[in-house]
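A quick write-up on the structure given underneath.
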Amino acid sequence: MIYNQDNKINIISTNSKTYIKEILINKLDSINTYSDFIKIADNIDVKNILHKIIIEEKEHYGLFLKTLQEIDKEQEEINYEVNSSLHLIQKGTYKDYSIGKENRNLLLVNLRNAIKGELEILILYEALLDNIDNKKIASIIETVSKDEKRHVEELTRALITLDEDSYGQIK
């Protein structure tokens, strides 16, 4: 790893690329998870919350993939190569979720796991912020962190709306 005078990792280090790849993995996992939740939710307000979060997670994925392409020249070259040779005719309107009704308890368990995932990615962001010295990436992470914090609150609101049990001070 390459460190600057403040003992922070230079953003082009392998470790920083790895952090961003871990973030990308989390984003894809989140999109799939929230799509699955929509399938088993029967409350339209909860479905709308989850759909909004999916849209933001897709935006986050795009931000971080673009960042990876900027700091990893090989990734950037492969992106150019794929875009130059692969010509898709039409962007589809397919969505990974559908209206359906299944086990209510499964949705509650998955909502709690999703909140856990959002908190885990926040920890990863904080670790990356503590170890980089690139203002552009730091700015992206700070912006996306605010969305993730909002996701924690929105998912918690969905959870307490659907769960018959009390969550103490959370109303």
Return yes if some donor-acceptor pair links the side-chain N/O of [X] with the main-chain N/O of [Y] below 3.5 Å, else return no.
| X | Y | result |
| --- | --- | --- |
| Asp29 | Ile25 | no |
| Lys27 | Glu57 | no |
| Lys47 | Ala41 | yes |
| Ser139 | Lys135 | no |

Heavy-atom side-chain contact between Leu111 and Leu50 under 4.5 Å: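 The answer is yes; the side chains approach within 4.5 Å.
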Please determine whether a side-chain nitrogen of the Lys or Arg among [X] and [Y] lies less than 4.0 Å from a carboxylate oxygen of the Asp or Glu.
| X | Y | result |
| --- | --- | --- |
| Glu77 | Lys73 | no |
| Glu120 | Lys116 | yes |
| Arg150 | Glu153 | no |

Could you go through Leu128 and Ile23, starting from their C-alpha distance and side-chain angles, then the distance that decides it, and tell me whether this counts as side-chain contact (heavy atoms from CB on, under 4.5 Å)? CA-CA 10 Å; Leu128 183 54; Ile23 290 168; 4.1 Å; yes
Could you pull out the closest heavy-atom pair between [X] and [Y], with the gap in Å?
| X | Y | result |
| --- | --- | --- |
| Asn134 | Lys136 | OD1-N, 3.0 Å |
| Leu155 | Ala114 | CD1-CB, 4.0 Å |
| Leu65 | Leu24 | N-CD2, 3.6 Å |
| Ile49 | Glu154 | CG2-CB, 3.8 Å |
| Val152 | Thr156 | O-OG1, 2.7 Å |

Parallel under 30°, tilted from 30 to 60°, perpendicular over 60°: which one fits the rings of Tyr34 and His151?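 Rings of Tyr34 and His151: perpendicular, over 60°.
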Lys52, NZ: over 12 other non-hydrogen atoms inside 6.0 angstrom: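 Yes, NZ of Lys52 has more than 12 neighbouring heavy atoms, counting only those of other groups under 6.0 Å.
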Passes side-chain contact (heavy atoms from CB on, under 4.5 Å), Glu22 versus Asn26? Steps please. CA-CA 6 Å; Glu22 288 286 344; Asn26 176 273; over 6 Å; no
Please assess Asp72 against Ile78 for the test side-chain contact (heavy atoms from CB on, under 4.5 Å), listing each intermediate value before the final yes or no. CA-CA 10 Å; Asp72 183 335; Ile78 292 170; over 6 Å; no
Using the rule given for side-chain contact (heavy atoms from CB on, under 4.5 Å), can you reason through Ile140 versus Thr67, listing the C-alpha separation, both sets of side-chain angles and the distance that settles it, and then say yes or no? CA-CA 9 Å; Ile140 290 170; Thr67 300; 3.5 Å; yes
Going from CG on Asn110 to CD1 on Ile40, what distance comes out if it is rounded to the nearest 0.5 angstrom?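 Spacing of CG (Asn110) from CD1 (Ile40) equals 5.0 Å.
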